[in-house]
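First the structure, in the form of structure tokens, and then the observations on it.
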Amino acid sequence: MLLDGEVERALCNPNYHSILSKHLRCAASESMIPASEVKQRFGDNAGNITDELLNQKALQLNEKSGDLFTHDHPHNSVNLRGATQDSVMLVDGNTNQELEELSLLQVYREVFPNAIYAMQSNDGNLQYYRSRSLDLESKQANLILLDSEPKLRTQATQDMTIKPLEPLREPRLVSLNLKDSKLRLTLSWAEITNHVTGYNLISKVRTITCSHPRCSRYHQPMQSDICTACSKPTRLAEITEVEEENLFDVAYTTHYQAPVLRIEMNLELSEPLQEYANKLKQQIENQFGTEIPSELTPLFQTEPADLALHSICHQIGIAVPLLVLSDRQDLNSYCETEKNRVNTLKTIAYFFDTTDGGNGTCEELFDRFEAFAVRAAQLVEACNCQYGCPRCLTDARCPQDNQALNKALGLFLLQAISDEPEFF
Ligand SMILES: [Zn+2]
Ligand SMILES: [Zn+2]
Ligand SMILES: [Zn+2]
């Protein structure tokens, strides 16, 4: 793909709301702009944006001369390479060496005080740090290197909400090569809120347990040779146990507005997904018996439609930088269940721009969803891992900690999306 593929689309939209508003403020601070010439000089969008900036007191109007001005120095918040996200530098508390820069959302999830943070060193080995402090004013986190791998790990507890505020485009349908199946895409302006409310101390223990994913006592510690719930033989396995739950006094909250792409499946799609999942399960049971690899257990525990939707979000997210000149970090996804009119649960997926005010990635994804899906399918097919890896499935930034994913089911759904967009 690197050598033969098309060049990615480099998108620069100087009329994009979050970009234009910053440049308007810079211009007004350098030399006053006559209000009557704003549209002529900065394009049609500039009129509405100027009104909004005046409302927010981010611009001021000299009533006498009719000039727009500001006494602030907005240049510091303008990045010529694109829209900036708030980020925090991780610093080694002993050597003062800068380790890595993370977005605010990642820092809240992974580097809150006392968090155990794993990082690859220059020689490729994993090193473990404990976060000593997080200073949001200087945008620095102070980490202490640990001598050895700690027994207990930390895992943030968090909840995310996405609240669509107003539609940006007419919704559109994506038809699939599976009878009557469709995806519905809606692009809206939305509010994205994430609370990291605390963390759990978790440990990995080897214990006798039921290893049958469909059993109600799956991966719970047990003493007997036979599972008390399903009567299948138990075995020794590594399981995750929560040792301690901690709540923060005040949750770490990120809150911003940006374009969001909502994806829904129609009811007809659940049938072919269920059929394919049954086929996969049969193959897995034939191959492994009850000793099913942990990467494959979600298939036995989660609805195929939920698995497939979550998986394609990750897979498409990985393919995005191949089609538009954006970074994998510019976009993230989230799935949630929603009650519909007849009170049945339905899974909805959201893609959201990770930048306050948006960065254009969701809009591009809405317009060319089929092309992204086709490219994602090629990527996943070409990946030589068995059950999914960071190149084709998992994502360290997943708000759901990579729970409920399946490489094959995601690929099945991606392959059903044809290259030809259909407009309604
Ligand atoms: Zn059992
Ligand atoms: Zn892979
Ligand atoms: Zn995810």
Side-chain angles (χ1 to χ4, degrees), residues 1 105-106 109-110 155-156 158-162 192 194 207-237 239 260-263 285 288-298 300-303 305-320 322 328-329 331-337 347-352 354 365 375-414:
M1 278 183 201
L105 182 66
Q106 272 175 295
R109 291 184 50 197
E110 294 173 39
Q155 189 176 50
Q158 58 178 343
D159 56 86
M160 175 165 257
T161 44
I162 291 180
I192 299 136
N194 193 66
T207 174
I208 303 278
T209 181
C210 176
S211 59
H212 198 68
R214 292 182 196 187
C215 174
S216 61
R217 301 213 53 201
Y218 171 73
H219 272 191
Q220 291 181 14
M222 233 172 272
Q223 253 104 51
S224 52
D225 294 347
I226 300 283
C227 171
T228 47
C230 70
S231 304
K232 292 203 163 66
T234 53
R235 72 182 183 103
L236 199 64
I239 62 171
V260 155
L261 172 61
R262 176 185 159 106
I263 307 173
E285 284 183 328
F288 298 102
T290 54
E291 311 218 341
I292 293 164
S294 58
E295 295 95 327
L296 297 176
T297 53
F300 296 86
Q301 296 160 330
T302 313
E303 281 296 311
D306 299 356
L307 276 181
L309 195 58
H310 189 192
S311 304
I312 67 163
C313 284
H314 281 213
Q315 292 166 330
I316 288 174
I318 296 168
V320 162
L322 293 175
R328 192 168 164 181
Q329 309 255 355
L331 189 75
N332 203 343
S333 61
Y334 174 68
C335 292
E336 66 177 22
T337 37
T347 299
I348 312 286
Y350 291 101
F351 277 104
F352 54 95
T354 52
L365 192 54
R375 183 52 66 89
Q378 291 167 351
L379 260 189
V380 179
E381 270 173 303
C383 190
N384 58 8
C385 74
Q386 263 184 305
Y387 309 125
C389 71
R391 281 171 297 155
C392 70
L393 189 68
T394 55
D395 184 346
R397 300 168 306 128
C398 171
Q400 283 132 328
D401 293 315
N402 291 306
Q403 301 290 318
L405 293 167
N406 184 275
K407 179 182 176 179
L409 206 56
L411 181 59
F412 176 75
L413 181 53
L414 287 175

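Just so it is clear, the structure is predicted and the values come from calculations on it, not from any experiment. Order of listing sets the numbers, starting from 1, for every ligand and every atom in it. In what follows, residues are counted from 1 in the order of the sequence shown.
The distance from the Zn ion (ligand 1) to the nearest N/O/S atom of His212 is not under 2.8 Å.
Nearby protein atoms of type N, O or S around the Zn ion (ligand 3) amount to 3 (distance under 2.8 Å).
Judged by distance alone, the side chain of Gln400 and the main-chain N or O of Cys335 form a donor-acceptor pair under 3.5 Å.
A donor atom on one side chain and an acceptor atom on the other are found under 3.5 Å apart for Thr347 and Asp306.
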**Message:** Run Arg109 and Gln106 through side chain to side chain donor-acceptor pair (under 3.5 Å) and show every step you take.
**Reply:** CA-CA 5 Å; Arg109 291 184 50 197; Gln106 272 175 295; over 6 Å; no
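Nearest heavy atom pair, residue Asn194 against residue Gln158, reads ND2-OE1, 3.2 Å. Nearest heavy-atom pair across Arg375 and Leu322 is NH1-CB, 3.8 Å. For the pair Leu413 and Ala308, the tightest heavy-atom approach, listed with the atom from each and the gap, is CD2-CB, 3.9 Å.
The Zn ion (ligand 2) forms the vertex of an angle spanning SG of Cys385 and SG of Cys383; to the nearest 10 degrees it equals 120°. Rounded to the nearest 10 degrees, the angle SG (Cys210) to the Zn ion (ligand 1) to SG (Cys230) equals 110°.
Heavy-atom neighbours of Glu336 CD from other residues, nucleotides or ligands within 6.0 Å: above the threshold of 12.
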